[in-house]
Amino acid sequence: ESHRLTRKGDKIDPYHFEFEKSPRLEKLPEAGEIVNELCGLPLPIRGADTIFRGGLKFSGNGGLVMAIHGGPGCGKTSLALSFGAYLAPFGIETLFFNGEEDPRDLSARLPSLVPEGIRRLTFFEKSISNAFTFARFDRHADSSSHLGQVKDVLGKLGEILATKLSPANEFQIPKPCRSMIVLDGLHDFFADKVKPAKTSGDDRNKVEELYELIEAAKRSGALVVLTTGENWSGHTMLDYLVDVAIHLSHESMAQYGAKPDRRLRLLKARHQLCAVGTHGFQIAGTKGVRFSPQINYQIDRRSIWKV
């Protein structure tokens, strides 16, 4: 039982919350998983509920910054696109910055990332691309201008979302997310100028720019996804700054006759309980993007239920 003050004065109005436990449930999930499910952002990709233990939990200031590292062809762009495609039915719009691919090509890839069975559901957007705004930047232009524009966008978005995310009254729980921003190819924004190994004043300025960008992303109140290449000199430092760090790999590429094997390695999720480690990751096929969590994590989630 809990209590609250009514708006008419200091009168205390008691109210009750009741939850009915399934008879097949032997014990409750861990407290962190319950918090993720109640307060986090659900990511309806197959296997994501196991990897992120119910949902993505945002920081106290309302933002969440995720870094996705990987080499060419490992699926960084596809994974970032799939996040926006799966979140579109929740009313979450995506602003996608990219310096390599034409926006029309990115938009054409969206339907293949979501299983056909989900796309047929009535609550799903008939045209997923309506939830996306694509912005292409010139890779040959001054990288500092890109960073300035992105930081301005993050600041303005934070001001807008501050009102949109506010609940209708003080007794409602605010929604965890209203918008998503993807910086696809973060290394292009810095033109590979972040070099932690050196100590020159210019390098220290570039490190500071990266730190300021991450802080602006955290204050935006949005889900901000940053994708980078493997050999970018700032990716190790980036893992320390972001809230969620993911590395993608594409194994068996050099073996003749072997089927390529995609892997997702979750290094950390700062604000929540999660399944740290290496998991399977698939893109192609009619089932769209999906994860295959480690078998031990799958067993753990099923262990609280009666067989």
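The figures here come from the full heavy-atom set of this structure, side chains too, leaving out hydrogens, waters and symmetry mates.
- The closest side-chain donor-acceptor pair between S78 and R109 falls under 3.5 angstrom.
- By the 4.5 Å heavy-atom criterion applied to side chains, V225 and M180 are counted as neighbours.
- With respect to the salt-bridge test (charged N to carboxylate O, under 4.0 angstrom), the residues E30 and R53 qualify.
- Using a 3.5 Å distance cut-off with no hydrogens or angles, the side chains of D239 and H247 do pair a donor with an acceptor.
- Here the side chains of F134 and N98 are not in contact, with every heavy-atom distance at 4.5 Å or above.
- Note on L113 and F90: same hydrophobic cluster, where clusters join Ile, Leu, Val, Met, Phe, Trp and Tyr whose side-chain heavy atoms are under 4.5 Å apart, directly or indirectly.
- A 4.5 Å side-chain heavy-atom check between R262 and L248 finds every atom pair outside the cut-off.
- If you run side-chain contact (heavy atoms from CB on, under 4.5 Å) between H69 and each of L238, T227, I246, only L238 comes through.
- Put simply, V276 and I45 are part of two different groups of oily side chains (I, L, V, M, F, W, Y) that touch within less than 4.5 Å, one to the next.
- Between D300 and R302 there is no salt bridge, since none of the side-chain N atoms of the basic residue sits less than 4.0 Å from a carboxylate O of the acidic one.
- Within the 4.5 Å cutoff, side-chain heavy atoms of L79 are placed close to those of I68.
- Panel note: side chain S107, backbone R104; no donor-acceptor pair is recorded below 3.5 Å.
- For the pair Q272 (side chain) and G55 (backbone), a donor-acceptor distance under 3.5 Å is present.
- In this structure, the side chain of Q282 does not engage the main chain of F291 through any donor-acceptor pair within 3.5 Å.
- Between the S22 side chain and the R24 main chain, a donor and an acceptor come within less than 3.5 Å of each other.
- For the pair Y297 and I51, the minimum side-chain heavy-atom distance is 4.5 Å or more.
- Remark: D49 engages R301 in a salt bridge, criterion side-chain N to carboxylate O under 4.0 Å.
- By the 4.5 Å heavy-atom criterion applied to side chains, L223 and F58 are counted as neighbours.
- In this structure, the side chains of L110 and V114 stay at 4.5 Å or more apart for every pair of heavy atoms.
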